[in-house]
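What you see is a predicted model, and the numbers here were worked out from it, not measured in a lab.
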Amino acid sequence: MATVAESAPPIGGRDEGFFLGGAIAMAVVLIAGFSLQLAMGRSSFAAPPLVHAHAVVFMGWIGIYVLQNVFVTTGRMDLHRRLGWLATGWVVAMLVLGWLVTVAMVQRGQVPFFFRPLQFLVFDPMTLITFAGLTAAAILLRRRTDWHRRLHFSAMALLLGPGFGRLLPMPLLIPWAWEATLAVSLIFPLAGIVWDLRRSGRVHPAWGWGLAAMAGCLVLTEAVTYSPVGAALYEAVTAGSPGASVAPLDFPPPPAGPPPA
């Protein structure tokens, strides 16, 4: 990717407004999704400390990403660089807490009923790894701002699944609920492609890398989920826990509704 970046001429013009607007729109998707669930009584603050830590770190990343775009748009590159080094360590915390929360939910047998438990165990970490890979590439190419901001934008789009998943009618999307959230998240990099085409008449190659990473995440998730490797992983993770009694590829039953009056 670094070789391609060196050989690709930058697309001219200023596009800070597009990336700031996109960052705000992504933040709105995530905040709206979680707020809707809270308002409908489907979630509450009565969660284990691990879940709260996970929420704080992931919502913190949203704040970091929006702020970074604000700093660029307002010309505060000194603050942008300082916050960027903090963000690098923040990604590590996101990986660790994301994996721990996923494993805890699978072990407790509390995977949302519109996901296959084994697929949930695979796609959550796989999404985070892909996000971290795109973020690392963006950091390595930070001197090529045209690449840097597009790779970061694509990485951020990968994190929108939980937000869209709380806004979409997920039970109606079974058995393609996770795939649907990933597909909807493509709206943002595709919007970036349209922006480039309208502004310069060509598409920046960074979008191709971002879309390829998202497609690779999908293919690897499906391949592992329906393979002996996935079955062995699920057995190892759930051994000795309530999740061991949950069929890895069957959809859990939906939660019971309120008793009749």
Side-chain angles (χ1 to χ4, degrees), residues 1-27 29-30 58 60-92 94-95 126-161 182-220:
M1 188 183 297
T3 303
V4 175
E6 289 299 324
S7 61
I11 290 179
R14 298 181 62 85
D15 49 18
E16 289 85 354
F18 169 79
F19 287 99
L20 176 58
I24 293 172
M26 287 192 247
V29 167
L30 289 163
F58 274 73
W61 177 263
I62 299 170
I64 289 172
Y65 184 67
V66 172
L67 272 177
Q68 287 292 69
N69 280 277
V70 169
F71 291 151
V72 171
T73 303
T74 57
R76 296 303 308 270
M77 297 307 297
D78 55 332
L79 296 177
H80 178 80
R81 294 187 187 97
R82 292 175 189 173
L83 185 57
W85 291 117
L86 170 65
T88 301
W90 204 277
V91 172
V92 176
M94 293 171 69
L95 286 170
M126 191 71 73
T127 300
L128 285 173
I129 291 170
T130 308
F131 157 79
L134 284 172
T135 300
I139 293 170
L140 290 173
L141 295 173
R142 60 189 178 276
R143 297 187 185 280
R144 291 294 305 267
T145 56
D146 51 327
W147 281 81
H148 178 73
R149 58 185 49 164
R150 286 168 175 81
L151 291 173
H152 265 313
F153 195 84
S154 298
M156 185 65 193
L158 272 166
L159 299 183
L160 298 180
L182 184 63
V184 175
S185 299
L186 291 173
I187 290 173
F188 285 91
L190 291 176
I193 290 174
V194 172
W195 169 261
D196 278 355
L197 285 172
R198 293 185 63 182
R199 190 166 57 92
S200 65
R202 62 189 182 90
V203 178
H204 195 286
W207 296 123
W209 286 94
L211 292 175
M214 297 175 83
C217 176
L218 170 65
V219 171
L220 283 174

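Atom CG of Leu211 is separated from atom CG of Leu186 by 6.5 Å, given to the nearest 0.5 angstrom. With rounding to the nearest 0.5 Å, the separation of CH2 in Trp209 from CG in Leu141 is 10.5 Å. The distance from atom CE of Met77 to atom CZ of Phe71, rounded to the nearest 0.5 Å, is 11.0 Å. Within the model, atoms CG of Leu20 and OH of Tyr65 stand 9.5 Å from one another, a figure rounded to the nearest 0.5 Å. With rounding to the nearest 0.5 Å, the separation of CD1 in Ile64 from CG in Leu86 is 5.0 Å. The line from CD1 of Ile62 to CE of Met26 is 10.5 Å long, rounded to the nearest 0.5 Å.
Nearest heavy atom pair, residue Ala138 against residue His148, reads O-ND1, 2.6 Å. The heavy-atom pair separating Ala206 from Leu151 by the smallest distance is O-CD2, 4.0 Å.
For the salt bridge (Lys or Arg N to Asp or Glu O under 4.0 Å) condition, the pairs that include at least one residue of residues 73-89, sequence neighbours left out, are Arg76-Asp78.
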Donor-acceptor list for residues 126-136 side chains, cut-off 3.5 Å, not counting sequence neighbours:
| unit_1 | atom_1 | unit_2 | atom_2 | d |
| --- | --- | --- | --- | --- |
| Thr127 | OG1 | Phe123 | O | 2.7 |
| Thr130 | OG1 | Met126 | O | 2.8 |
| Thr135 | OG1 | Phe131 | O | 2.8 |

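Residues passing the side chain to side chain contact (heavy atoms under 4.5 Å, CB included) test with Trp207, sequence neighbours excluded: Phe19, Arg150, Phe153, Ser154, Pro189, Ile193, Asp196, Val203, His204.
With a 4.5 Å cut-off on side-chain heavy atoms, Phe18 and Arg199 do not count as touching. Two residues are said to be in side-chain contact when any heavy atoms from C-beta on lie closer than 4.5 Å; Leu159 and Met94 meet this criterion.
Glu16 places no side-chain N or O within donor-acceptor distance of the main-chain N or O of Val72, the cut-off being under 3.5 Å. With hydrogens and angles ignored, the 3.5 Å screen pairs a side-chain donor or acceptor of His80 with a backbone N or O of Gln68.
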